[in-house]
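All remarks here apply to the structure that follows.
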Amino acid sequence: MDEQPRLMHSHTGVGMAGHPGLPQHMQEGTGGTDGDGRKQDIGDILQQIMTITDQSLDEAQARKHALNCHRMKPALFNVLCEIKEKTVLSIRGAQEEEPPDPQLMRLDNMLLAEGVSGPEKGGGSAAAAAAAAASGGAGADNSAEHSDYRAKLSQIRQIYHTELEKYEQACNEFTTHVMNLLREQSRTRPISPKEIERMVNIIHRKFSSIQMQLKQSTCEAVMILRSRFLDARRKRRNFNKQATEILNEYFYSHLSNPYPSEEAKEELAKKCAITVAQVSNWFGNKRIRYKKNIGKFQEEANMYAARTAVNAANASSHGSQANSPSTPNSAGGYPSPCYQSDRRIQ
DNA sequence: ATAGATGATTGAGT
DNA sequence: ACTCAATCATCTAT
């Protein structure tokens, strides 16, 4: 701040008597004969300053210019410097260097892990692959789901990045705007660089809290997407007809002991193009549902029994298989089915 | 739109 | 580890 000539000593007072914020010398003196003119000047300046925000931009600009050129301006500047010194609006060290917010760190880590905030490709597909592995589905048939997941994830990532960029840009714009404003104001009132720095910090904190909200909602979106992708129930597809027939064939031809061994399960899984776990699920469901309502499955049982009987007949070529599949519930001759229904067909 | 079918999950029992 | 039983979430046929 340049040295300002001290024009205001010994006169003054002027319409601000007893103002608590003003230095002593401003509040004493009654104004001499030529004090009236200065009184008027200072009154004008203050009036203009007080009303400057009520005016349009152009008006304000003109007013500001007029103020800067006003002959009393250096004096006012000095006074403001003194007030500032006295009121000690000191910028204390002020809780700077705030420790990194743990929640923000969590969010950042998660976004990184999910491949949202990290490098363009690598992380994302890794996370998706992990998710795919966790879902336990057959590698081949969930590739569609997988790409769907990836597409949605990259959609989220794109939104995240554009939003983030927007915020950063807005933050920078706003910061430079405020800094320019402060710099300009520093011509009329004393502003230390420290104050500007503090103001910038405040702005950055505000914007980073907005960013945190963005990160939070992005995390939520990813979590929802992930849970949908991982919960196989949500993307359940019925097995194709052929697979169901293979499974049913085995079930009804082993009705007395419908518990396929590990090897049998593997074989069935391969034939049906599903996983061993899915075979186990299927048999678990089938057993319990068959047992619960044998009547309902009677027709199905008869059908498969007949089919296996026919197959057996064909397989043994013309082996004079006289016994027609008229007793299908015997399930091709399997002994004492464990879920044997009491009623016979027809 | 709805009921029933169906594949997956969960928790208890062995 | 495997199965049962209940339940969930979705699919499918009506």
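The chains referred to below are lettered A, B, ... by the order of the sequence lines, with proteins before strands, and numbering in each begins at 1.
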Can you tell which of [options] lies closest to the side chain of [X]?
X         : options                 : answer
Lys296(A) : dA5(B), dC2(C), dG7(B)  : dA5(B)
Asn281(A) : dT12(C), dT9(B), dT3(C) : dT9(B)
Glu262(A) : dC4(C), dA8(B), dC2(C)  : dC2(C)
Asn285(A) : dA6(C), dA5(C), dC11(C) : dA6(C)

Pairs meeting criterion salt bridge (Lys or Arg N to Asp or Glu O under 4.0 Å) with involvement of residues 255-273 of chain A, two or more places apart: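 Qualifying pairs: none.
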Interatomic distance, [X] [atom1] vs [N] [atom2] [rounded to whole Å]:
X         : N       : atom1 : atom2 : result
Arg236(A) : dT10(C) : CZ    : P     : 9 Å
Trp282(A) : dC2(C)  : CH2   : C1'   : 18 Å
Arg287(A) : dT3(C)  : CZ    : C1'   : 6 Å
Lys265(A) : dA1(C)  : NZ    : P     : 13 Å
Lys286(A) : dA8(B)  : NZ    : C1'   : 16 Å
Asn238(A) : dA8(B)  : CG    : P     : 10 Å
Asn293(A) : dA5(C)  : CG    : C1'   : 16 Å
Lys241(A) : dA5(B)  : NZ    : P     : 17 Å

Could you tell me whether the phosphate oxygens of [N], OP1 or OP2, come under 4.0 Å of any side-chain nitrogen or oxygen in [X]?
X         : N       : value
Arg237(A) : dT10(C) : no
Gln278(A) : dG7(B)  : no
Lys291(A) : dA5(C)  : yes

**Asked** According to the interplanar angle, ranging from 0 to 90°, do the rings of Tyr252(A) and Tyr304(A) count as parallel (below 30°), tilted (30 to 60°) or perpendicular (above 60°)?
**Response**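 Plane angle under 30°, so parallel.
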Original post:
For the residue pair Phe251(A) and Trp282(A), does the interplanar ring angle fall in the parallel (under 30°), tilted (30 to 60°) or perpendicular (over 60°) class?
Top reply: perpendicular
DNA chain C nearest-nucleotide lookup for Phe283(A) and Arg289(A): closer to the 5′ end is Phe283(A)
Between Lys292(A) and Pro260(A), which is nearer to the 5' end of DNA chain C once each is assigned its nearest nucleotide?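 Its nearest nucleotide lies further toward 5', so the answer is Pro260(A).
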- Could you tell me whether the side chain of Cys272(A) reaches within less than 4.5 Å of the side chain of Val279(A), counting heavy atoms only?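 Result no, sub-4.5 Å side-chain heavy-atom pair not found.
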Grouping ILVMFWY residues whenever side-chain heavy atoms fall under 4.5 Å, the cluster of Leu104(A) otherwise contains Leu107(A), Met212(A)
